[in-house]
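We're numbering straight along the sequence, starting at 1. Computed from a predicted model, the values in this text were never measured in an experiment.
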Amino acid sequence: MRDIKLTDWQDGWDGDPSAWDKRVFRPPAGTRPGNVHVRITGRPNERYALLFRDFLTADRGCREAWARFKHRLSLAVNDFNSYGQIKDPASDVLMAAAERWAAETGWHPPHAG
């Protein structure tokens with residue numbers, strides 16, 4: 001197993017920065033809050049989202065801690081941009097654990113060979 005820095009999954013990327021592009025759709029003001037992220041198959045940010053999901057599915061303790069963190073954050077911050085700025089470094093920590101889990105379990109995105 002190799003040591004994984006918190007930002008290996010993105011900062012170490014030598015390819016085209018647009019590989020991390022995604023579209024985020026939010027509902028109109030006054031409707032149920034939420035958003036949808038759309039990514040292109042095969043790009044590194046698709047792997048990021050799938051690994052994030054699969055790791056939280058597999059690790060109950062991390063899943064419950066992440067849910068508590070996001071709930072408390074949503075109560076404390078009502079601005080979408082501030083919410084994202086605060087959540088981003090916590091996501092880096094979670095992804096470091098997810099990358100270790102992926103290396104230990106041999107995890108690959110579902111469509112990877």
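Of all heavy-atom pairs between Leu50 and His111, the closest is CD1-CE1, 4.4 Å. The nearest pair of heavy atoms linking Ala102 to Leu51 is CB-CD1, 3.9 Å. Looking at every heavy atom in both residues, Ser74 comes nearest to Tyr83 through N-CE1, 4.0 Å.
When the side-chain contact (heavy atoms from CB on, under 4.5 Å) test is applied to Thr57, the partners found at least two apart in sequence or on another chain are Arg53. By the side-chain contact (heavy atoms from CB on, under 4.5 Å) test, Ala90 pairs with Trp66, Phe69, sequence neighbours left out. Qualifying side-chain contact (heavy atoms from CB on, under 4.5 Å) partners for Asp54, counting only residues two or more places apart in sequence or in other chains: Trp101, Trp107.
A heavy-atom distance below 4.5 Å is not found between the side chains of Arg47 and Arg39. You'll find the side chain of Tyr48 reaches within 4.5 Å of the side chain of Ser91, heavy atoms only.
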Evaluate the side chain to side chain contact (heavy atoms under 4.5 Å, CB included) criterion for residues Asn45 and Ile40: first the C-alpha distance (whole Å), next the side-chain angles of each, then the deciding distance (0.1 Å), finally the verdict.
-> CA-CA 8 Å; Asn45 69 350; Ile40 296 175; 5.9 Å; no
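Sorted by first and then second residue, the salt bridge (Lys or Arg N to Asp or Glu O under 4.0 Å) pairs with a member in residues 58-82 read Arg60-Glu64; sequence neighbours excluded.
Side chain of Glu99 to main chain of Met95: no donor-acceptor pair is present (N/O by atom type, distance under 3.5 Å, no hydrogens or angles).
Here CZ of Arg100 is found 13.0 Å from OG1 of Thr105. Values are rounded to the nearest 0.5 Å. How far CD1 of Ile86 is from CG of Asn81: 11.0 Å, rounded to the nearest 0.5 Å.
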